[in-house]
Amino acid sequence: MNSQEIKFFPLDISYQISEEGGVEISIFGITLDRKKIRIFDSFLPYFCAIVDKKADAEKLIQKIRETELVVDVKLESKKYIQDNVKAIKIFAKNPSDLRQIREKLRNFEGISEIAEGDISLRKKYLIDNNITPYTLCGVEGRIERRGFGDIDLTVIAEKITRISSDLIGNPRVLAFDIETLCMGSAPNAKEDPVIMCSFYGSNNFKRVITWKPIRNAPEYMRFVGGEQELINEIIRTIREFDPEILVGYGSDFFDFPYIINRTKKYKMPLNIGWDGSEPMTRLRLGRGTTKLKGIVHLDISQFIRNVLSPNLESERLDLNRVGKELVGIGKSLDLKDTSINVLWDGTNEDLLKLVEYNLRDSEIVFKIVEKVLPTQFQLAKIINLPLFDVNRMTYSQLVEQFLLKNAPDFNQVIPRRPLYSEIKKRRQQTYVGGFVFEPEANLYENIGSFDYRSLYPSLISAYNIGPTTLNCDCCGPSSEKVEVDGEEYWFCGKEDGFLSILIRDLVDRRKRIKQILKDTKKTDSSYQELNALSYALKTLANATYGYLGFAGARWYCLECARAITALGRKYIDQVIKTAHKLGFEPIYADTDGAFILLKNKEGQVDKFLKKINSTLPDPMELEYHGKYKRGLFLGKKSGAGGAKKRYALLSDDGDIILKGIEAIRGDWSPIAKKTQREVVEIILKEKSVDKAAEYVKNLIDKLKSRDVQVYDLAIEATLTRDLRNYEFKGPHVAAAEIAKRKGYFVRRGFIVSYIVCSGSGKISERVKLTEDARVQDYDINYYINHQIIRSVYKIFELFNYPIEKLKSGQSELTNW
DNA sequence: CCGATT
DNA sequence: AACGGCTAATCGG
């Protein structure tokens with residue numbers, strides 16, 4: 001017996017059913033001296049039966065108590081959104097008993113609803129026990145074993161407490177990546193062996209393992225005799241390095257399932273869990289996961305896709321592009337799956353290239369993780385979940401978990417997830433969003449940029465918006481109202497609601513942190529952590545509005561979402577009107593911000609801000625983001641007026657910002673995007689239409705003489721559905737069909753790259769996959785008219801430059 | 001040429 | 001499994 005407290009950082013949590021049939025929680029953690037600890041705890045799973053208003057709660061509770069398998073019941077007074085309800089908490093030994101009880105309760109009278117039965121046990125345990133992953137906790141209990149597998153200490157918990165909110169420092173991170181042969185169109189785990197595996201970890205750890213001898217190999221290489229030995233060496237390397245966090249890019253659905261398949265083929269173990277257990281994969285089409293016991297496995301591509309992608313310029317989320325954008329390093333070679341075979345069967349030089357390629361992938365993954373891990377830690381702390389979960393969550397899940405975690409503090413019952421039929425119904429309802437002010441197409445000078453800081457979160461907070469305050473009985477229709485399309489809503493004026501309190505807290509905390517960051521040097525140790533926290537707070541606050549309008553949300557509230565956008569429209573309109581009054585000229589506005597010509601009134605900016613801000617309810621605030629030297633707002637194709645959400649700006653520092661225009665859109669050929677980017681830059685920086693025209697003419701000459709790379713003509717598109725679900729065959733669908741015939745695994749999410757070739761008939765009838773196209777194939781006229789000209793004609797039109805002159809005349813320079 | 005689809 | 005707004009090419013009748 002030892003009841004001394006042991007301090008530790010929880011890394012992950014799981015549960016199993018003990019021999020006695022009870023729930024046995026396992027917490028895997030790291031002690032202060034970096035020893036591995038596993039803590040066992042017990043937990044009684046439960047759900048809540050909400051008692052019908054008319055029913056006799058005492059009678060009902062008695063009946064439930066006598067029901068078979070029920071271990072315990074508790075009657076509680078709770079809030080269910082706005083209703084005061086009696087909730088009977090029903091406990092059972094394990095989830096399967098609980099399910100049986102639920103079935104029996106179907107026949108009981110007096111239960112209006114079952115709640116909190118659809119939350120995973122791990123999450124419930126963490127919420128109810130207030131254990132925050134990665135922050136310092138203490139456990140008292142019986143030390144069962146010293147050492148078992150890789151685990152140094154096993155404790156049966158009697159008491160677990162939070163000690164502080166300090167995060168675990170300097171986790172040991174290991175990134176890995178495998179290479180396989182590829183005999184078909186994609187690697188097949190039944191046929192193609194793993195040939196190489198690279199690692200890149202904390203403290204400059206590097207290793208590449210392979211089973212083919214290579215001369216003049218770098219010192220970080222390890223050579224083995226074959227694939228089975230390679231896999232054993234992978235296991236050894238992981239054990240030896242002993243990572244707390246193991247990361248891959250696509251490792252949930254590629255690397256791990258692949259290795260697991262190969263070990264099954266050889267009937268060999270893959271015992272990399274702390275307790276010697278095998279990885280657990282859940283293969284759900286497109287969104288599988290691989291979980292290890294103890295080691296936290298992150299497939300960082302999931303976090304990139306779910307959370308970071310809206311903030312990335314790159315539309316494609318492959319490691320090469322994401323690496324370049326996030327950490328400035330891309331792949332060492334542009335390799336297709338099948339060209340790995342060629343290098344593998346090539347010269348010693350080729351093999352060295354493959355080694356470098358393999359190691360580079362792990363290096364990029366490691367550096368991406370270094371960059372995003374602080375944000376994940378902060379999110380984990382705020383929503384109280386392990387990194388394993390945080391790394392794989394979408395916006396709606398992050399917001400929902402945040403609300404779920406805090407609901408008990410407000411005595412709120414956690415509503416159940418909507419049924420599919422309910423979701424379908426919700427999806428039918430749409431509502432009006434942000435206001436967009438149509439600009440006059442033109443080139444403008446000296447443009448001020450204004451926007452409301454976190455507009456939607458501020459509105460939620462300022463107007464006390466939320467499902468619990470909507471049209472409350474305590475205030476009634478005589479209170480201040482928000483009008484939306486003839487309908488009127490009000491939000492409680494007496495008591496702050498659960499949602500708005502939480503959002504206000506996020507907004508306030510972020511404001512304070514931003515203030516501290518202003519006085520913190522980037523090199524300070526606290527800078528990165530505070531910056532990550534600020535990002536995490538912003539992410540959660542900004543996603544909350546979208547969550548309220550999300551059909552799958554537990555706390556769905558269409559009226560709230562409508563009220564938020566309606567108020568947003570009102571406040572952006574106020575900016576436009578006030579700017580006019582002070583003699584400024586607003587040229588463009590979108591949802592929460594506006595561009596305003598400062599003209600000769602720059603000195604009045606402060607007055608303008610004060611005028612608006614003095615009318616705003618706390619915590620709303622209009623901010624001035626400085627000015628741009630010049631801006632190009634493009635016109636629409638049809639009719640007069642400017643296009644919304646499409647413009648280019650030139651900052652005083654010479655940086656160019658592009659929004660919405662073709663040059664940053666994925667479904668255009670690189671050649672068209674580059675042309676537009678160049679033309680915009682020449683116009684913005686030099687204001688020379690002739691020089692821009694010269695550039696275009698030159699390019700058209702090159703296209704005519706086929707002096708271009710096929711890659712520059714490639715048009716990429718992502719399939720938004722499975723092939724058979726398309727109602728008509730657009731060019732990208734036609735190209736995807738070709739890919740399918742070639743043996744590619746074509747389904748929703750497949751990225752197809754194609755070229756439009758010469759010939760007659762529909763465009764969809766003359767596409768070729770980029771990989772099959774040659775430079776003599778492409779349709780010169782299509783690329784001139786539909787890609788190059790199309791990307792720039794609106795710019796030339798604006799300056800009354802005749803389009804025909806771009807096409808017909810050869811460049812004066814080359815002509816000469 | 002127009003509406004639907006992407 | 002976050003929202004809506006927006007433009008424009010292409011298909012298919």
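Proteins get letters first, then strands, A, B, ... in listed order; numbering begins at 1 in each.
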Could you say whether A:F550 or A:Y431 is positioned toward the 5' end of DNA chain C, judged by the nucleotide with the nearest heavy atom to each? A:F550
Nearest to the side chain of A:Y395, heavy atoms from C-beta on, is which of C:dA2, C:dC6, C:dT7? C:dA2
Report yes or no: does A:Y395 contribute a side-chain atom to a donor-acceptor pair with the main-chain N or O of A:N542 at less than 3.5 Å? no
Is it the case that A:S669 and A:Q787 place a side-chain donor and acceptor less than 3.5 Å from each other? yes
Does the side chain of A:K794 get closer than 4.0 angstrom to OP1 or OP2 of C:dT7 through an N or O atom? no
Does A:Y782 put a side-chain nitrogen or oxygen below 4.0 Å from OP1 or OP2 of C:dA9? no
Between A:N725 (CG) and B:dT5 (C1'), how many Å, whole number? 14 Å
Establish, with yes or no, whether the OP1 or OP2 oxygen of C:dG4 is under 4.0 angstrom from a side-chain nitrogen or oxygen of A:T565. no
For A:K645, answer base if it contacts any base atom (sugar-phosphate contacts may also be present), sugar-phosphate if it contacts only those atoms, and nothing otherwise; contact means non-hydrogen atoms under 4.0 Å. base
Regarding A:N311 and A:Y535, is there a side-chain donor-to-acceptor distance under 3.5 Å anywhere? yes
Within the 4.0 Å heavy-atom criterion, would you say A:V432 contacts the bases, only the backbone, or no part of the nucleic acid? sugar-phosphate
When all nucleic acid strands are considered with a 4.0 Å heavy-atom cut-off, which category describes A:R721: base, sugar-phosphate, or nothing? sugar-phosphate
Atom CZ of A:R646 to atom C1' of C:dT7: distance rounded to whole Å? 5 Å
Under a 3.5 Å distance rule, please check whether A:S764 uses its side chain to pair with a backbone N or O of A:G730 as donor and acceptor. no
Whole-Å distance, A:L634 CG to C:dA8 P, equals 10 Å
For A:P310 and for A:F435, locate the closest nucleotide of DNA chain C by heavy-atom distance; then report the residue assigned to the nucleotide nearer the 5' terminus. A:P310
Mark yes or no for whether A:R569, through its side chain, and A:V432, through its backbone, hold a donor-acceptor pair below 3.5 Å. yes
To the nearest Å, how far apart are A:Y726 OH and B:dT5 P? 14 Å
Look at the side-chain N and O atoms of A:K762 and state whether any lies under 4.0 Å from the OP1 or OP2 oxygen of C:dG12. yes
Measure the distance from CG on A:N306 to P on C:dA2 and round it to the nearest whole Å. 8 Å
In whole angstroms, how far is the P atom of C:dC3 from the CG atom of A:D592? 18 Å
To the nearest Å, give me how far apart NZ (A:K644) and P (C:dG4) are. 17 Å
Phosphate contact (C:dC11 OP1 or OP2) by A:S764 side-chain N/O below 4.0 Å: yes
Taking the side chain of A:P731 as heavy atoms from C-beta outward, which of B:dT6, C:dG5, C:dC11 is closest to it? C:dC11
So if I apply the side-chain contact (heavy atoms from CB on, under 4.5 Å) rule between A:I383 and each of A:Q378, A:M393, A:Q397, A:K123, which one comes out positive? A:M393
Would you mind telling me which of C:dT10, C:dG4, C:dT7 lies closest to the side-chain atoms of A:I763? C:dT10
What nucleic acid atoms does A:G546 come within less than 4.0 Å of, heavy atoms only: base, sugar-phosphate, or nothing? base
Give one of base, sugar-phosphate or nothing for A:G552, where a contact means two heavy atoms less than 4.0 Å apart. nothing
If the cut-off is 4.0 Å, is A:H786 near the phosphate of C:dT10, judged by side-chain N/O to OP1 or OP2? yes
Whole-Å distance separating the CG atom of A:L558 from the P atom of C:dC3: 12 Å
